[in-house]
2 protein chains.
Amino acid sequence: MYDVAAHAGVSIATVSRVLTRPDDVRASTQERVLQAVRELRYVPSGSARGLAARRTGVLGLFLPGVDAVEDLSDAEVGEQRPVEVRRDPAKPDQRPGANLYFEEVLRGCELEAWRQGFSLMICVGRGRSPESLEITLSDLAGKVDGLAVIAQSAPHDVLRRIGDSIPVVYLAGQRRDDDFDHITVRNREGMRALTEHLIDDHGVRDPMYLTGPFDSPDDAERYGGFAEALEGRGINPTALPVLHGEFSRERARAVAEDLIAGGRLPRALVCANDQMALGVLDALRPAGIRVPEDIIVTGFDGIDEGARSTPRLTTVMQPMLELGRAAVRAMVARVTDPDLEPVSTELPVTVLLRESCEGPLG
Amino acid sequence: MYDVAAHAGVSIATVSRVLTRPDDVRASTQERVLQAVRELRYVPSGSARGLAARRTGVLGLFLPGVDAVEDLSDAEVGEQRPVEVRRDPAKPDQRPGANLYFEEVLRGCELEAWRQGFSLMICVGRGRSPESLEITLSDLAGKVDGLAVIAQSAPHDVLRRIGDSIPVVYLAGQRRDDDFDHITVRNREGMRALTEHLIDDHGVRDPMYLTGPFDSPDDAERYGGFAEALEGRGINPTALPVLHGEFSRERARAVAEDLIAGGRLPRALVCANDQMALGVLDALRPAGIRVPEDIIVTGFDGIDEGARSTPRLTTVMQPMLELGRAAVRAMVARVTDPDLEPVSTELPVTVLLRESCEGPLG
DNA sequence: CTGAAAGCGCTAACAT
DNA sequence: ATGTTAGCGCTTTCAG
């Protein structure tokens, strides 16, 4: 920067101004400085800026570790053959489809961060020990102006610690009485609306529910909405069987296969996420059971694949991109004004009625 | 940090040491410092560290802008109804499936960065003017120790400029004689091996090729491999029709429909990517044309969906995760030793033979 | 093994 | 509109 200043015949302060508030500088001077910047290939140091300005212009997104720290080989690529040819028979899907979910949030964060002139740093909370997690997080916290954390990727007490050095916003998961912003999605209302549709418009009286993991607050909310809808229509939800699919396509398929074998298929199978609903379809298809004529199947999430399956999947679409964007907006608001009251936002969802309950659509 | 030092009864230098090279400090002192850190909820400033140490511990990944700066609303969420219910008839897919590709690279980068103790900053090159792109990039460059850039997301001259302040590694795309590392994938060899399999093991003599955009260097390589295989078997590739699908599932479907209508289906349709191959299957299915009995269809990329389509898609799998990891390794190597010769790495691919050419697999 | 001191490259008053 | 100057919070010699 000193070089640039010298080259342009101005002081470093002017260079700084040209780069941060160009309007405070005469156009001719500006031009000269920019010229020097270009000639000298000057790239301003983010660290120095961050230090001096007390804000880095970076926001952080902390995601739960989906991948189980896979093969940690240091792969010496040179040795391998350039092409390998092999047969690839079908295998159960291995990757948890859950990441599709987060990728959309990520896109939303990046998009909004960009709009607001911030950079985005991402960090995946890989298992390891609690301490290493804490170090990772605190390290991250030191580099950003605000941190968005996806539910269940880090313990609340650690977040609270970080929360008093920078704004933290908690995404999805359980709403708790913390000192940070909280953004969730209307899981309950979405599932209730969907279930009511099934009851009111399709005359379903005995839907089965296929749940996810026990510790999923999202799923708990969804089941709550399901139960509420039934109760509101005079149906006792506790009398209905609940199945367990762990949010996994494969597990759901197995569960559905059991149902088929036992001849215990209900009129409708309400799944706590799309992956499981797809798994159910996987089981139904070869058995020759028609959807929705013989059985209605519904999902939750609104993943892309559900819009292309056969039949196309009725589901509740979560605004994942908006989740990310809202997170960034919340952080930016708080960076601007650090002592705002913590706010709790619940984003709207959309029930998408498709073929798996409606049959062929126009 | 001064507080921590005071609290622990040591100098700031010692605090620094405990946090960066714990082994240089007596265990008891260390413990005292760590204690103070915890009590004071101290989070070290990344900016200050970066400035003093001359390295930020952050790597950057620059991706091409896939999303067309969608609705830039500032969405006041409060006003919306919590649930909307609506019918959702099938529509052509809108999102370019291409991002799936990059998400995998991103995962690879994040994984390897984490392993190497770096953070990862991501930045999407949203259209805009060339200057704004340059500003974005230079801004990013100032915040990281190294930058990985995915092909075609930024002009080479800008990258060169950045390249002399920090290491730049170029991913995929055309191999050029630049001053930075370059990591690609064996597009040519992969497509050649696949095509040879079709000729040698399935007796195909007149495959049609479905290309992507004209300006895709990846596609050019792939077509090159295709042509080489034919020539090597005494078939003249220029005598064979080439179709244009723009890497789009919808376009490919339309093209295939034309072919069907015209009764001009070849024995095999070799697609330059998986999305197009899936589009072809979309067209073939309702027409009652059997794959692979009536026509063989192949893709390229190895996206998840191809492993689950009906029939499952024969393809060439690109090591996207490895691409990301290799990029990070290259950057780290260069951060360690800045004046290494630029290296050019070509990652191996795998031809995955599945039902769309082999028929039912064990 | 620990402390003292000199910056790292910028921004933000404050002057002019 | 531009220059001067005092740090920002840390790492890193260099002594001890």
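Being a predicted model, the structure only gives us computed values, none of them experimental. By convention in this document, chain letters (A, B, ...) are assigned in the order of the sequence lines, proteins followed by strands, and residues within each chain are numbered from 1.
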[Y]/[X] salt bridge by N-O under 4.0 Å criterion:
{"X": "A:Arg160", "Y": "A:Asp179", "result": "no"}
{"X": "B:Arg107", "Y": "B:Glu110", "result": "no"}
{"X": "A:Asp139", "Y": "A:Lys143", "result": "yes"}

Any B:Thr14 side-chain N or O less than 4.0 Å from OP1/OP2 of C:dG3: yes
Phosphate OP1/OP2 of C:dT2: any B:Thr29 side-chain N/O under 4.0 Å: yes
Between P of C:dA12 and CG of A:Asp24, the distance in whole Å: 11 Å
Whole angstrom value for the distance that separates P of D:dC10 from NZ of A:Lys143: 14 Å
When [X] is tested against each of [options] for side chain to side chain contact (heavy atoms under 4.5 Å, CB included), which residue passes?
{"X": "A:Val18", "options": "A:Val10, A:Leu34, A:Val4", "answer": "A:Leu34"}
{"X": "A:Leu171", "options": "A:Val105, A:Val149, A:Asp181", "answer": "A:Val105"}
{"X": "A:Met121", "options": "A:Thr56, A:Leu61, A:Leu59, A:Leu140", "answer": "A:Leu140"}

Using a cut-off of under 3.5 Å, enumerate the N/O to N/O pairs linking the protein to nucleotides 8-11 of chain C.
from	atom 1	to	atom 2	distance (Å)
C:dC8	O2	B:Ala52	N	3.3
C:dG9	N2	A:Ala48	O	3.4
C:dC10	OP1	A:Tyr42	OH	2.4
C:dC10	OP1	A:Ser45	N	3.2
C:dC10	OP2	A:Met1	N	3.2
C:dC10	N4	A:Tyr2	OH	3.4
C:dT11	OP1	A:Arg49	NE	3.0
C:dT11	OP2	A:Ser16	OG	2.4

